[in-house]
There are 2 protein chains.
Amino acid sequence: MGTVEYAVHRRTAERVRVSADTLDSPVTALAEVPRWLEDYHRAHRFHVEPIPFDRLRRWSFEPGTGDLRHETGRFFSVEGLRTSSDADPVARVQPIIVQPEVGLLGILAREFDGVLHFLMQAKPEPGNVNGLQISPTVQATRSNFDEVHHGRSTPFLDHFIHRPGRRVLIDSIQSEQGDWFLHKRNRNMVVEIDTDIEADAAFRWLTLGQIRRLMLQDDLVNMDTRSVLACLPTAHGTPDDGDDSFPAALRRSLYGETAPLHDLHAITSCLTDVRALRVLRQQSVPLDDARRDGWERTGSAIRHRSGRHFEIMAVEVTAERREVASWTQPLLRPCSQGLAALITRRINGVLHALVAARSEVGTLNVAEFGPTVQCRPDEADGQSPPYLDRVLTAGADRVRYDVVQSEEGGRFYHARNRYLVVEAGPELNTGCPPGFCWATFGQLTELLAHGNYLNVELRTLMACAHASY
Amino acid sequence: MGTVEYAVHRRTAERVRVSADTLDSPVTALAEVPRWLEDYHRAHRFHVEPIPFDRLRRWSFEPGTGDLRHETGRFFSVEGLRTSSDADPVARVQPIIVQPEVGLLGILAREFDGVLHFLMQAKPEPGNVNGLQISPTVQATRSNFDEVHHGRSTPFLDHFIHRPGRRVLIDSIQSEQGDWFLHKRNRNMVVEIDTDIEADAAFRWLTLGQIRRLMLQDDLVNMDTRSVLACLPTAHGTPDDGDDSFPAALRRSLYGETAPLHDLHAITSCLTDVRALRVLRQQSVPLDDARRDGWERTGSAIRHRSGRHFEIMAVEVTAERREVASWTQPLLRPCSQGLAALITRRINGVLHALVAARSEVGTLNVAEFGPTVQCRPDEADGQSPPYLDRVLTAGADRVRYDVVQSEEGGRFYHARNRYLVVEAGPELNTGCPPGFCWATFGQLTELLAHGNYLNVELRTLMACAHASY
């Protein structure tokens, strides 16, 4: 980065810091948020009913392949994916959601009284456990761009695309769940405006400090919001060296002026090692081919005979307001709750996170960095992943964040993960197994200026860690 | 990039500069290079003979699909690829080379008398027009890692993988020809050593200045070398402001202290725009499916009935020394010479390059930046790409580099491109069509620390431009 760029980046980070430090805003009081959500929810409730596949409208299983597709060929499809790897050379076929187009997760930002506020949306999704969650200003698929819904167009979408001179604070294409999606990415953007806009009751301007506070509650800030906010650069000034609290160590980690354990090239080189030496073969095949690997289709589900992994189901959704008033769609329901845990440790007073290069069946480029531990503990089949015991047995005085968050309710039904940030003491060696690496939060943020470095669970954990000071 | 990282990066760039400025070295005299190549070539000549497919050994067309595969399933295969895009929604099938594993292009570096030298290899490849070319220390496929050739192991490969504490100067995974390969990437590495090693007559230590000088000749420095060298950060001190030569403008462009037209986020955002708004659908299908789109298989070629694009052929290679002494393999032969041209222009005294977001059928992530113009002029079908006329009609006083270089001779037969760097005057507006963007060479180098930003033709042009001062 040249010195000019460095200055621009630092200025954005400073403005983000001010917003993060602001809990009380004359624009929207934090205390007002629960009522906003409750009122909006009452007026815009969804009714979601699981249905058998033969009640799906415009969706059907393609003869010959068994793929589940929309009649327009748009939105997404459920197909088969055959994978093999050097670790597991026997090829296996499983269902996978295919949505090759890049969607948009966009948040509008605006300064009020010198403080950046973000325009957040109370948005219901059919798969949410609790109806609505706090979502980006815009969540749009490419189908929305083309307005194939033939319903209302997506508000504010025009601020993000086809607008020359827009002021972009962040803009990168990030991956989503590689266990469930093939090569899925969404564009994560924050665009700043400086003029008045009209927004209806679904929208509120919130400071970053307010949103982070809301992330301390279960299932309230949706996955897309967490992903976008994780990408924001954030500076915190050089904290008092005498302050040895966790928040102070985190602030030093974000600021990036103290020497990290490894330089950034060594961290990307760790991932490059894995991408070059691990083999992940992926081939799209008919969904019917998954039968021989234990996936069966009933009248209302495609599921694995072991009862593990996930199932594909269908729902009918009736809503008062939405792009269209009633629709049916498939959703993916995981069979158990997941765990995503990040071990952190102070090294020279600076908080470092232990990240792991992780390959999932649908990963675009072999591997991305994920949490220290990412698994479904209830589906364990004998061998525990490294560090699992350590995070599950951490004392309460070592747990810095422990909240259950929901994954995207537009594709997943009641998909929830426990997100855990644990601080290890000096007894944890800074050496680590191949594919694991210690990085500061500042370094991880820098990687988020580019795509496909940090998986979506690690991005959520970044956003969660930010919420813990 | 934190300030610590910035200092490390700058130190490497300074050392690269010193090597680039060194043409005379006591280790290898520049004048000695032609004789080295000639002597080595005489002793290690290849005999390459085009053969019909039925003389291929261990390679065959798979029944049912028509895919061309090696009996071990390794190396690479020729399969079908069905693609469609928003610009061209009618799906088409074409042959494509599939080699999903990430190979290694590695160069060893060592300081002699304070100057970095690079260990280059005189390496013959069956597809080369001229036998051997100057290649990286190591070109290895994953098959080499596993030594499936059952022949000699690859010299120096162990310096690059599985060696803790190795000193890595650059390390990133970069793409290769998306017109011919599906999602192909190779790891580009430079590793520094400080101990003596034994290298046979195939190897010589050269300075960067010497290698760049050799890039002024046709078909001498191979594609893999050009790709790796393009990734090296390079600094040139702040040149005298009074110097208005092309080399001085290029040095200012590399040094990065003068404000570029756009900041780096705006440049990546230009590519992100294209990746998010352009649609590229790719599906692997049987090679036989390409028949309906005009591809026919004869006894000795798979070719398009239009006589355009490329053909798949087979050769028998007999060599005195190589991993194995004689083998047969398929190669891809392009039907005409390509053109890759970069328009440059001074903006505020700093040289900027006009790059274009380019989608090829096999691109991993929708698009990467490519040259201003990349096409096969002899296969034009009516519509000229933007800027083609401008580069073809540029006056001799505007041409800064004009050399024909070869593409990888291990996969391609006599594949050559004319690489052209042109300097436009102030008459060329700095506005440009969507998908095009002006960037300094320093900014492009920074993007090369990551993968899949610059395609292989643009990387060659970066290396070529470096050779022109």
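Naming: A, B, ... by sequence-line order, numbering from 1 per chain.
- Both the backbone and the side chain of B:R275 come within contact range of chain A, with heavy atoms under 4.5 Å apart.
- Rounded to the nearest 0.5 angstrom, A:E101 CD and B:R278 CZ are separated by 14.5 Å.
- Contact count against chain B (heavy-atom pairs under 4.5 Å) is highest for A:N365 among A:N365, A:V279, A:T268.
- The choice from A:V102, A:T272, A:T445, A:L364 that makes the most heavy-atom pairs within less than 4.5 Å of chain B is A:T272.
- Among the candidates A:M189, A:H183, A:Q282, A:R185, the residue making the largest number of heavy-atom pairs closer than 4.5 Å to chain B is A:R185.
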Set out, in order, the CA-CA distance, both residues' side-chain angles and the distance that settles side chain to side chain contact (heavy atoms under 4.5 Å, CB included) for A:D171 and B:H265, then state yes or no. CA-CA 8 Å; A:D171 185 12; B:H265 292 291; over 6 Å; no
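- Across all their heavy atoms, B:R187 and A:S269 have their closest contact at NH2-O, 3.8 Å.
- Annotation: the span from A:L271 atom CG to B:I173 atom CD1 amounts to 7.5 Å, rounded to 0.5 Å.
- Of the two parts of A:N452, only the side chain, counted from C-beta on, holds a non-hydrogen atom closer than 4.5 Å to a non-hydrogen atom of chain B.
- Proximity to chain B (any heavy atom under 4.5 Å) is restricted, for A:D86, to the side chain, taken from C-beta onward.
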